[in-house]
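Inspection log for the structure reproduced underneath, given as structure tokens.
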Amino acid sequence: MKDIVETFIKERQLTREEYVELLGCWNDPSAAERLAAEAVKIRKQYYGTKVYTRGLIEFTNYCKNNCYYCGIRHGNHNAKRYRLTKEEILECCVSGYELGFRTFVLQGGEDPYYTDDRMADIVRSIKDRYPNCAVTLSLGERSYESYKRLREAGADRYLLRHETANEEHYGRLHPAEMSLKTRKECLYFLKELGYQVGAGFMVGSPGQRLRDLAEDLVFLKELEPQMVGIGPFIPHHDTKFASEPAGSVELTLYLLSIIRILLPKVLLPATTALGTMDPKGREKGLAVGANVVMPNLSPVKNRKQYDLYDNKICTGEEAAECRGCLARRVESVGYQLVNERGDAVS
Ligand code: 5AD
Ligand code: FES
């Protein structure tokens, strides 16, 4: 066993150079197993065998940005665009509530149609109807004022992956008008406004080196988000990364364990991208430290259109089917799906 693994388990934090060394052991099975065992121990200490579930409502695939990896980027003229009305969003919540969801995640591209007035109205309507549910937003970069209004309208949480904490790497993944600085600023605004905040990144995105991942870990520790979303990069056929290799499932699992140890109380999803790369990916994620799953509540007619990457799973199933399927999957690895809001423990 490598000393660096034991040092990390003991200190729960390393320097960037040390993270590079720790990450360098990712294909050493003994290191991966040792980290996973520790991660699961910590996860059980805080969350027992509960798995929290979030109903994901992908409400618009219009996006003004042009992130190079993403299938719904503005420049992809093959994407068939859709927007859900407030009524359609509320219908997703009605069926989601019946299925036991107590968190709704409204996720979309950066779509200027959803002004602060429209978005605040949607959030307020959900919170009026379901005061015992959490509303999570995932709408990309907005102004401080905008985040403030949505928070006042009742939004509880916000997901905004930083994608990579290295400036140069950020520049390889995004056009010049986007910047890591703005992204980080948004995350700190959200924290300041009292949102429970989720950051995160893709594993194996083009040009990513272990030292970039090491920077991600340093940044996560500094930000201390309540949630961290990571999943393997998966190429999309209509992007300039179409023939780049996908990210590694094993490295993603290794990072999940590291993040659980780094931020013991974090809410850590076993993501759809992980389930796309490996038919047992989400189960494997839970078995190495993840404690959240985010099945899709979007109307089936639009699911295929929220096409971030190729071969995305769960695009043909009804919400109830995904719920049942996931409940079985979660149980197969010794955990239970629970019908709770699932806030991070304090
Ligand atoms: N592969 C994997 N994940 C992707 N995302 C976007 N495009 C891809 C892709 N090609 C992720 C980003 C974004 C989240 C909503 O989906 O990390 O933040
Ligand atoms: Fe959607 Fe299994 S979770 S079909």
Side-chain angles (χ1 to χ4, degrees), residues 54 56-76 78-79 105-111 136-142 157-166 169-170 172-175 178 180 182-184 186-187 190 197-208 212-213 216 219-220 225 227-249 251-252 255-256 259 268-278 281-282 285 292 294-296 298 303-315:
R54 286 47 172 116
L56 182 63
I57 305 169
E58 298 158 333
F59 70 97
T60 173
N61 72 348
Y62 282 84
C63 192
K64 65 177 164 63
N65 287 341
N66 239 322
C67 307
Y68 299 145
Y69 45 83
C70 184
I72 65 166
R73 74 201 160 79
H74 178 76
N76 182 9
N78 294 325
V105 181
L106 301 184
Q107 182 170 92
E110 289 194 17
D111 181 356
T136 305
L137 299 177
S138 181
L139 321 170
E141 296 176 2
R142 296 172 84 100
R157 308 186 187 132
Y158 204 103
L159 304 177
L160 181 67
R161 290 188 180 179
H162 62 282
E163 312 298 358
T164 172
N166 177 276
H169 186 224
Y170 195 94
R172 275 199 64 170
L173 301 178
H174 301 94
M178 293 180 72
L180 178 60
T182 308
R183 184 58 59 118
K184 287 186 172 176
C186 286
L187 284 162
L190 291 162
V197 171
F201 53 89
M202 290 176 289
V203 179
S205 56
Q208 185 181 62
D212 300 320
L213 288 169
D216 288 319
F219 174 64
L220 286 179
M227 303 164 283
V228 175
I230 68 164
F233 160 76
I234 304 173
H236 183 285
H237 59 276
D238 280 326
T239 64
K240 74 168 187 182
F241 295 142
S243 28
E244 293 287 333
S248 151
V249 169
L251 181 54
T252 305
L255 279 156
L256 283 172
I259 293 166
L268 194 59
T271 54
T272 306
L274 190 56
T276 297
M277 284 301 296
D278 179 331
R282 287 168 298 175
V292 173
M294 298 174 66
N296 206 315
S298 314
R303 287 218 188 159
K304 283 200 173 45
Q305 292 163 270
Y306 202 80
D307 187 24
L308 305 183
Y309 47 79
D310 288 345
N311 306 314
K312 189 167 167 233
I313 54 169
C314 300
T315 54

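For the numbers below, each heavy atom of this structure counts, side chains included, while hydrogens, waters and symmetry mates do not. As the structure lists them, so they are numbered: ligands from 1, and atoms in each ligand from 1.
- In this structure, a donor-acceptor pair under 3.5 Å is present between the side chains of N296 and S298.
- Contact residues of ligand 1 (protein heavy atom closer than 4.0 angstrom to a ligand atom; sorted by chain and number): Y69, C70, R161, E163, M202, P232, F233, I234, L308, Y309.
- For K312 (side chain) and Y306 (main-chain N/O), a donor-acceptor pair under 3.5 Å exists by modelled atom type.
- Looking at R183, its side chain never comes within 3.5 Å of a backbone N or O of L160 through a donor-acceptor pair.
- Side-chain atoms of N65 and H174 form no donor-acceptor pair, as typed in the model, at a separation below 3.5 Å.
- A distance-only check finds no donor-acceptor pair linking the side chain of D111 to the backbone of Y62 [under 3.5 Å].
- Side chain of Q208 to main chain of M202: a donor-acceptor pair is present (N/O by atom type, distance under 3.5 Å, no hydrogens or angles).
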